[in-house]
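Below: the structure, in structure tokens.
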Amino acid sequence: MNDPGIVVVGASLAAHRACAAARRLGYQGRLTVIGAEPHQPYDRPPLSKEFLTGRSEPPAPRLPVDDLNIRWLLGRPVVGLTLADRTVHLADGGSVPFTGLIIATGAAPNSWPGTPPPNVSTFRTLDDARSLRSRLRAGNRLLVVGAGFLGGELAAAARGLGSQVALVEAQAQPLRRALGLAAGTFMAALHRRAGVDLRTGTRVETFTGERHLTGADLAGGTWVPADSAVVALGATPNAEWLAGSGLWVEGGLVCDEHGRALLTDATPARGVVAAGDVTRWPHPWADGNGIVRGHWTHATEQAEVAARSLLFPDHPATYRPIPSFWSDVYGVKLRAVGFPGFADTVEVHESEPEAGRLDITYHRQGRLIGALVGNRMSRLAAYRARLAEELAATAPA
């Protein structure tokens, strides 16, 4: 009766899936979830899509938790971890003991340095989505800084609501670093066909306005008017609270292939696992200390592995995924599998922005390691099957 049970830090998608997996696997003990936000777990992908574009107040994209018997500690950020006495420390001075720990604190959006004018924000949380939604309307001028996946979706959503949109990207094309030149060219064409003022190969130097935002000065002396702005310049794993804990933090919380958090000596910490955007994890196709992925499927799949490894430490599960991710913009369903960013060769099989059709494969040393399609869902299953064969060939004997 005095067993503190499993504590989950972070009320995220990964946290929800880990809790659900623990119950499904037979865990009946105490399950405590600590979250910095005041909300129970919700799904993030709809925030930049259906939730943002809803004509009336849409329901929050909550995840089902009623049958999980969870003790909630919400609106209480964590600030530290002591492994020796197995305790999580909270910002309000409280502490929570644990027998097993699941770290799922996700990532935080990279904010603009300094103090920008009002109406300049980041976009990550349900509250961020509600705030931006209240500002988007016909005739509103929105500036999106960063044309990655999130920035592109925000631009598309705002255009759908009738806002004027300027999209500023430092690279030569949107998504150039993640998906390459061909995909970037396709995305640039989609944005421009939708009426987005896409500015590539430049960056925002400073925002203008004091009491309210008036626009932004770009590199080279150009000024862009704006009533609102969203900074979409990626995210950083929420692992700073683990400093001094003895866990290995290097561009994220470093884990092994079983989802177990590693100590600074590269050995697993007893009874501590992690899942989701906070983690850096190994993969046969990755070099160095592993990779960080901020995608929905990664959070859900790694959470399942982490829960099983925590409950059955003598028989831990193994996480060797074929990652997948998606984005919906301007009526084009973009779907990707594998690791396009690791490719040394790219093959374009189809690229028709006017028709919204795209088919690109990514290769490394002659082997398929990724694929991207637009409105060509029937082709994705075949690519995934080929990737599964390639991954199986790398499995230890």
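One is the number of the first residue; the rest follow in order along the sequence.
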Side-chain ion pair, R376 and E352, N-O less than 4.0 Å = no

key: Carboxylate-amine/guanidinium proximity below 4.0 Å for E153 and K49   = yes

Step through the shown structure and confirm whether more than 12 heavy atoms of other residues, nucleotides or ligands are within 6.0 Å of [atom1] on [X].
X: R367; atom1: CZ; answer: no
X: R364; atom1: CZ; answer: yes
X: R386; atom1: CZ; answer: no
X: Q28; atom1: CD; answer: no

ask   = For the residue pair H298 and W281, does the interplanar ring angle fall in the parallel (under 30°), tilted (30 to 60°) or perpendicular (over 60°) class?
value = parallel

ask   = With under 30° as parallel and over 60° as perpendicular, where do the rings of H283 and W285 fit, or are they tilted in between?
value =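 Aromatic pair H283/W285 classed tilted.
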
List the atom pairs, donor and acceptor, that lie under 3.5 Å between side-chain atoms in residues 88-101 and the rest of the protein, sequence neighbours left out.
{"residue": "H89", "atom": "NE2", "partner": "T82", "partner atom": "OG1", "Å": "2.7"}
{"residue": "D92", "atom": "OD1", "partner": "R76", "partner atom": "NH2", "Å": "3.4"}
{"residue": "D92", "atom": "OD1", "partner": "G94", "partner atom": "N", "Å": "3.0"}
{"residue": "D92", "atom": "OD2", "partner": "R76", "partner atom": "NE", "Å": "2.8"}
{"residue": "D92", "atom": "OD2", "partner": "R76", "partner atom": "NH2", "Å": "2.9"}
{"residue": "T99", "atom": "OG1", "partner": "D3", "partner atom": "OD1", "Å": "2.4"}

request  = Test D256 against R260 for salt bridge (charged side-chain N to carboxylate O under 4.0 Å, His left out), laying out the working first.
outcome  = CA-CA 6 Å; D256 66 9; R260 300 178 300 193; 2.7 Å; yes

Will you find, in the side chains of [X] and [Y], an N or O donor that is under 3.5 Å from an N or O acceptor?
X: E37; Y: T125; result: no
X: T236; Y: N110; result: yes
X: S121; Y: R135; result: yes

query = Tell me, do L213 and D227 make a side-chain contact under 4.5 Å, heavy atoms counted?
reply =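 Answer no - side chains too far apart.
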
ask   = Just wondering, do D344 and Q365 contact through their side chains at under 4.5 Å, heavy atoms?
value = yes

key: Candidate pair R335 and D328, rule salt bridge (charged side-chain N to carboxylate O under 4.0 Å, His left out), full reasoning   = CA-CA 9 Å; R335 302 292 184 266; D328 296 336; 2.8 Å; yes

key: Shortest non-hydrogen separation from G259 to A306 and the atoms involved   =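 Taking every non-hydrogen atom into account, O-CB, 4.4 Å.
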
request  = Measure across R124 and A107 and return the closest heavy-atom pair with its distance rounded to 0.1 Å.
outcome  =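 For R124 and A107, the tightest heavy-atom pair comes out as NE-O, 3.2 Å.
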
